[in-house]
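Here's the structure, in structure tokens; my notes come after.
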Amino acid sequence: MKAWSALSLRGRLFLLALLPLLASLALIAFAVRHQEQSLAEREQALVRASYLDARRTELKHYVDLAVSTVRPLLGQPDGQRRAMDILQSLDYGRDGYFFVYDLQGRVLMHSRQPELTGQNLWELRDPQGRPTIQQLIAQAKAGGGYVEYQWRKPSSSLLAPKLGYVVAVPEWGWMLGTGLYLDGIEATMAELARGARHNITVTLLWVGAVAVIGVALISAGALALNLSEHRSAEAKLRALAREVVQSQEDERARLARDLHDGVSQALVATKLLIESAQQAPAEAERLQALALKRLNSTLAEVRHLSHALRPALLDTLGLAAALQHLAGEFDAAGGTRFTARVRGDELALPESVKTALFRITQEALSNAARHAQATAVTVMLAFEPRGGVALEVEDDGRGFDAHAAQAVADRGLGLRSMRERADALGAVLSLVTAPGVGCRLRVTLSAADLARIAP
């Protein structure tokens, strides 16, 4: 939460745009991976089942062919020998052959491993401990069928899984069968699995590329927006700085003009009256009275200039009296009716709050007098029972488009100045206006806001 709070608004918007995209792409990648894995597993199962079905049918046909070949030899004196010679010659590839055992597990014929002939393999077991020959003989006695077991492959001399089909020849006490090694299908399954993994990897890479492109586009958009906003903010800041400097120069020029044209000339006139009184004793009393009158006028002018720089009422009588005096000065200019009212019991406010609210009011009244074309402007200072304060300035003038005014760098400087003063206090400034409907400015400070501000 601290990290989130430390982010700027642009940073939060960037994350809010980026995180759903990344989450969506992650879910898509997970779904694609899961679906492709499921599809690959189903495909492998189908291929394996089809392969084994074909192999089983093939093996049965081979054994049926062998039985039909040796069956005419049943009952002949040398039929068993001739049958074994025929079966010895029947093969189908390097690892396709027939074998014959008696029903006690002794090898009678094995075309690829003749060294086994005559051996009794009844107790032969595979690496898992399963009795190989006993399984084959039991299946043959049961009427024939398929058996999966481990056997040494002639072409590689390695143990490999094998699918066998065996039948019994009860007239001779034989078990006759053949088989196909299944390591080929395992290699095919492994190749299919590798292909599926490759496809999944390629798909995830595409999803990752889309994610990178999406992040890059969002970052580029955020950067472009940031640069645009930065340039706009810089333009507004430069315009505001120029306005501030110009306002300072205008105020200094006005103060210098007022001092020169008013105070300075009044003091010169007073000086001349005093000098005349010294040179003409007979007229001294009258000249001194004129000098005193001119000096009082000069003091009033100095007080007026001092009040324009910072009203003394703000320090002596408080914000409410200062705002009422300010509204009275604007009202005295004529043309528009300016009034100021106070609601609630006045609170002791920090100096920074009084100064900011006074300057905001001064700016609002100045704007209303110059631009609003209003017939009445009202200032309301409300002290809330719970300790907050609210300032409201309302006029019935022509209003304006606040968004358009602030969008232009050299316009809306007064409004931005008021917002900056409010933001510096942590106050909430709201402006309700539109062309033709007047304007209402409200600045609100809660008791908690005032408590945070140093007195």
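Keep in mind the model is a prediction, meaning the values are calculated, not measured.
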Checklist outcome for this item: Between Trp122 and Ile133 the two heavy atoms that sit nearest each other are CA-CB, 4.5 Å
Checklist entry - Which salt bridge (charged side-chain N to carboxylate O under 4.0 Å, His left out) pairs, counting each pair once, include a residue from residues 425-438, with sequence neighbours left out? => result none
Checklist outcome for this item: d(Arg55 CZ, Leu180 CG) to nearest 0.5 Å is 5.5 Å
Item to check | Distance, nearest 0.5 Å, that separates CZ of Arg359 from OG of Ser366 | outcome: 11.5 Å
Item to check | Any side-chain heavy-atom pair of Met418 and Leu429 under 4.5 Å | outcome: yes
Item to check | Which atom of Ala364 lies closest to which atom of Leu441, heavy atoms considered | outcome: CB-CD2, 4.0 Å
Checklist entry - Heavy-atom distance under 4.5 Å between the side chains of Leu326 and Gln362, does that happen here? => result yes
Next on the checklist: A side-chain contact here means heavy atoms from C-beta on lying under 4.5 Å apart; do Leu391 and Val379 qualify?
Outcome noted: yes
Item to check | Pairing of Lys60 and Asp64 as salt bridge, 4.0 angstrom limit | outcome: yes
Item to check | salt bridge (Lys or Arg N to Asp or Glu O under 4.0 Å) partners for Arg112, two or more places apart | outcome: Asp91
Checklist entry - Hey, is CZ on Arg125 packed in by over 12 heavy atoms from elsewhere, all under 6.0 Å? => result yes
Checklist entry - Leu182 and Lys162: side-chain contact (heavy atoms from CB on, under 4.5 Å), yes or no, with the steps? => result CA-CA 5 Å; Leu182 301 178; Lys162 186 175 183 179; 5.8 Å; no
Checklist outcome for this item: Heavy-atom nearest pair, Leu347 first then Gly388, reads CD1-O, 4.1 Å
Checklist entry - Any side-chain heavy-atom pair from Leu450 and Leu349 closer than 4.5 angstrom? => result yes
Item to check | Gap separating the NZ atom of Lys141 from the CG atom of Leu136, nearest 0.5 angstrom | outcome: 12.5 Å
Checklist entry - If only atom types and distance count, is the side chain of Tyr181 paired as donor or acceptor with the main-chain N or O of Pro161 below 3.5 Å? => result no
Next on the checklist: I want to check something: taking the side chain as every heavy atom from C-beta on, are Leu319 and Gln324 in contact at a cut-off of under 4.5 Å?
Outcome noted: no
Checklist entry - How far apart are the C-alpha atoms of Arg419 and Leu431, what are their side-chain angles, what is the distance that settles it, and do they pass the side-chain contact (heavy atoms from CB on, under 4.5 Å) test? => result CA-CA 10 Å; Arg419 288 193 182 279; Leu431 179 66; 4.3 Å; yes
Item to check | Polar side-chain atom of Glu148 near backbone of Gly164 as donor-acceptor pair, under 3.5 Å | outcome: no
Next on the checklist: Between Thr336 (side chain only) and Ala369 (backbone N and O only), is there a donor and an acceptor less than 3.5 Å apart?
Outcome noted: no
Item to check | Atom of Thr433, atom of Gly438 and distance for their closest heavy-atom approach | outcome: OG1-O, 2.9 Å
Item to check | Working for side-chain contact (heavy atoms from CB on, under 4.5 Å), residues Lys153 and Leu158 | outcome: CA-CA 5 Å; Lys153 190 175 183 179; Leu158 299 175; 5.7 Å; no
Next on the checklist: Checking Asp345 against Phe383 for the side-chain contact (heavy atoms from CB on, under 4.5 Å) test, could you report, in this order, the C-alpha distance in whole Å, the side-chain angles of both residues, the deciding distance, and whether it holds?
Outcome noted: CA-CA 6 Å; Asp345 297 330; Phe383 294 94; 5.8 Å; no
Item to check | Side-chain heavy atoms of Thr178 within contact of Leu59, under 4.5 Å | outcome: yes
Checklist entry - Side-chain contact, heavy-atom cut-off 4.5 Å: Asp331 with Val377? => result no
Next on the checklist: Counting only heavy atoms from other residues, nucleotides and ligands, does the tally under 6.0 Å from CG of Asp53 exceed 12?
Outcome noted: yes
Checklist entry - To the nearest 0.5 Å, what is the distance between CG (Leu425) and CG (Leu357)? => result 6.5 Å
Next on the checklist: Is there a side-chain contact between Arg152 and Gln113 in this structure, where contact means two heavy atoms from C-beta onward sitting under 4.5 Å apart?
Outcome noted: yes
Item to check | side chain to side chain donor-acceptor pair (under 3.5 Å) partners of residues 371-398, not counting sequence neighbours, each pair once | outcome: Thr375-Asp396, Glu392-Arg442
Checklist outcome for this item: Closest heavy-atom pair, Phe99 versus Gly179, reported as atoms and distance to 0.1 Å, is CE2-N, 4.5 Å
Next on the checklist: Working to the nearest 0.5 angstrom, can you tell me the gap between Glu363 CD and Arg421 CZ?
Outcome noted: 8.5 Å
Next on the checklist: Please report the interatomic distance OH(Tyr149) to CG(Leu159), rounded to the nearest 0.5 Å.
Outcome noted: 11.5 Å
Item to check | Asp126 and Thr132 side chains, donor-acceptor separation under 3.5 Å | outcome: no
